[in-house]
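Worksheet: one structure, shown below.
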Amino acid sequence: MRILLTGGAGYIGSHTAAVLAERGHEPVILDNFANAERDVPARLARLTGREIAVIEADIRDTEQVTAALRTQPVEAVIHFAALKAVGESEADPLRYYDMNIAGTIRLMQAMQAVGVGRIVFSSSATVYGQPESSPILEDAPTRVENIYGRTKLVMEDLIRDLARTGKLAGAANLRYFNPVGAHPSAMIGETPRGVPNNLMPYVTQVATGERAHLNVFGNDYPTRDGTGERDYIHVMDLAEAHALAVEHIAAHDVSVTVNLGTGRGTTVLELVRAFETTTGRKIPLVFAPRRPGDVASYYANPALAERLFGWRARRDVEDMCRDSWRWQASRAGINDV
Ligand code: NAD
Ligand code: UD1
């Protein structure tokens with residue numbers, strides 16, 4: 001299939017482009033490069049041995065996206081393009097409503113104008129808010145705890161409504177747990193701007209010496225060792241799930257909402273230990289107060305993804321640490337990996 005990847009030059013989009021190309025699909029990247037490096041398509045071309053078409057556009061520009069889809073017809077869209085920082089969404093709500101919700105509406109208008117009726121959407125486990133218990137199933141109650149989370153829920157509802165009313169033939173809302181890791185080639189990976197909010201990028205920057213120590217936010221949670229527990233998922237597993245999801249909705253014309261996680265929880269201290277063992281790098285840490293808005297523990301029940309797509313995460317926490325480190329070390333010019 002020819003598949004449009006909005007935000008395809010970003011972290012998860014670029015890995016998905018690589019996997020789609022490997023599986024014989026033809027990814028077409030649409031990105032405004034607001035949060036992506038310009039040379040990502042060139043790196044993908046080296047990695048896959050294939051030129052990958054790139055449309056430089058903003059998803060909110062319906063006219064430009066419609067025109068691009070007329071010259072580059074596609075059978076499905078995987079919609080990654082969004083703003084994704086929780087704190088920023090609370091500081092600048094209108095920007096988040098505009099980029100995420102208005103942007104998705106504009107994109108859907110362009111898709112309708114050219115008759116593209118299949119979409120895979122990047123949602124997030126953030127829609128579960130503070131879950132009552134884990135593992136979390138897809139029918140667990142959703143809760144909005146910040147504006148970023150609200151935009152994800154609104155976009156999910158929008159997509160489900162369009163599928164229910166026959167405006168979309170197939171749709172998959174994919175709720176990611178905590179994506180980490182990088183392509184094992186270290187040619188693509190995550191490049192956070194400024195001080196990383198998320199744990200793994202912070203740990204890798206401590207390992208390169210860019211940051212002095214890791215602040216562990218809270219060691220008094222009701223978990224095995226008192227630190228927060230999450231379901232980390234390797235970005236290559238996540239990328240493979242997208243390929244299977246788009247193939248599934250194209251084959252069956254269905255609308256589905258599916259968790260993507262490993263089903264296993266890892267605490268902050270467990271992740272740090274796995275990182276130290278796998279990479280041989282020491283991560284100095286300091287216990288700090290809990291981060292406001294954080295949940296003690298959550299992890300997925302990923303059984304639905306296996307039943308529908310035949311997918312399950314294959315990579316473990318050691319793979320995640322090794323590949324995150326390879327990527328960060330190569331960026332920092334460190335050659336001992
Ligand atoms: P990312 O920022 O690396 O990728 C997003 C891409 O979209 C970037 O390349 C950016 O330049 C592009 N973009 C942003 N606004 C755009 C616009 N208006 N028009 C065109 N392009 C635009 O983020 P990511 O980590 O790859 O996340 C991809 C998706 O997955 C997002 O929707 C995010 O909310 C969701 N998600 C991410 C995580 C995570 O931890 N990374 C977790 C759950 C869900
Ligand atoms: C965060 C976002 C969530 C988003 C997800 C993307 C918040 C409140 N939630 O989730 O909406 O979907 O990222 O992956 O921002 N930690 C430290 N020190 C650090 C960084 C993190 O101890 O420097 C701890 C956190 O307290 C948490 C765990 O590491 O227990 C994971 O944190 P993080 O990677 O930020 O992910 P989430 O909080 O799950």
Side-chain angles (χ1 to χ4, degrees), residues 5-16 29-38 40 55-61 64-65 78-90 95-96 98-100 102-104 106-107 121-130 145-146 148-149 151-152 155 174-180 188-193 195-203 205-206 211 213-219 221 223 227-233 235 238-239 242 260 265-269 271-272 285-299:
L5 272 54
T6 74
Y11 173 43
I12 303 167
S14 59
H15 290 79
T16 303
I29 288 176
L30 185 147
D31 207 297
N32 66 357
F33 293 91
N35 195 34
E37 292 173 316
R38 293 261 158 201
V40 168
I55 300 162
E56 181 164 350
D58 190 303
I59 52 165
R60 292 168 299 176
D61 187 341
Q64 196 191 346
V65 176
I78 307 184
H79 178 29
F80 298 101
L83 298 176
K84 59 169 184 174
V86 173
E88 209 179 73
S89 75
E90 291 288 303
R95 192 164 157 246
Y96 271 67
D98 180 46
M99 197 74 84
N100 293 1
T104 299
R106 302 277 170 267
L107 171 70
F121 173 63
S122 297
S123 189
S124 167
T126 199
V127 299
Y128 296 116
Q130 304 261 352
E145 291 188 354
N146 52 63
Y148 168 69
T151 68
K152 286 291 172 200
M155 293 183 282
L174 303 182
R175 293 176 173 166
Y176 314 158
F177 280 67
N178 287 57
V180 296
I188 50 173
E190 184 179 17
T191 316
R193 300 229 159 118
V195 182
N197 288 317
N198 295 125
L199 179 62
M200 185 67 96
Y202 205 103
V203 167
Q205 293 191 8
V206 173
R211 311 208 176 270
H213 62 262
L214 173 71
N215 292 300
V216 177
F217 298 140
N219 61 348
Y221 284 112
T223 59
T227 65
E229 181 183 32
R230 297 289 183 274
D231 187 342
Y232 298 97
I233 172 169
V235 68
L238 198 56
H242 284 75
L260 294 178
T266 303
T267 67
V268 175
L269 290 181
L271 187 129
V272 168
L285 49 86
V286 169
F287 290 111
R290 292 181 179 191
R291 182 171 65 177
D294 268 1
V295 179
S297 164
Y298 67 80
Y299 48 94

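Position 1 is the first residue of the sequence, and the numbers go up from there. One-based numbering, in listed order, for ligands and for the atoms of each. Since the model is a prediction, treat every value here as computed from it, not as a measurement.
Contacts with ligand 2 closer than 4.0 Å are made by no heavy atom of Thr227, backbone or side chain. Of all the heavy atoms of Phe33, the ones lying under 4.0 Å from any atom of ligand 1 belong exclusively to the backbone.
At under 3.5 Å, not a single nitrogen or oxygen of Glu229, backbone or side chain, sits near a nitrogen or oxygen of ligand 2. In terms of N/O distances under 3.5 Å, ligand 2 is approached by Asn198. By the 3.5 Å distance cut-off applied to N or O atoms, Tyr176 is not counted among the residues near ligand 1. For the pair His79 and ligand 1, the shortest N or O to N or O distance does not fall below 3.5 Å. Polar contact check, Pro179 against ligand 2: no nitrogen or oxygen pair lies under 3.5 Å apart. In terms of polar-atom proximity, Ile12 is counted as a contact of ligand 1, with an N or O under 3.5 Å from an N or O of the ligand. Of the N or O atoms in Leu199, one or more lie within a sub-3.5 Å distance of an N or O in ligand 2. In terms of polar-atom proximity, Glu190 is not counted as a contact of ligand 1, lacking any N or O under 3.5 Å from an N or O of the ligand.
Of all the listed residues (Leu214, Val286, Asn178, Val127), Asn178 holds the heavy atom that lies closest to atom 36 (O) of ligand 2. Of the candidates Ser122, Ala125, Ser123, Ser123 brings a heavy atom nearest to atom 44 (C) of ligand 1.
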Evaluation steps, side-chain contact (heavy atoms from CB on, under 4.5 Å), between Arg60 and Asp98 | CA-CA 8 Å; Arg60 292 168 299 176; Asp98 180 46; 2.6 Å; yes

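Residue-ligand proximity, Arg291 to ligand 2, at heavy-atom distances under 4.0 Å covers atoms 25 (C), 32 (O), 33 (P), 35 (O), 37 (P), 38 (O). Which parts of ligand 2 touch Asn215 is read off a 4.0 Å heavy-atom cut-off, strictly below it: atoms 17 (C), 18 (N), 19 (C), 22 (O), 23 (O). Remark: ligand 2 atoms within the under-4.0 Å shell around heavy atoms of Asn197 are 20 (C), 35 (O).
With 3.5 Å as the limit, one finds no donor-acceptor pair spanning the side chains of Glu90 and Tyr96.
Here the rule is side-chain contact (heavy atoms from CB on, under 4.5 Å) with Glu229, and of Thr267, Val295, Val268 only Thr267 fits it.
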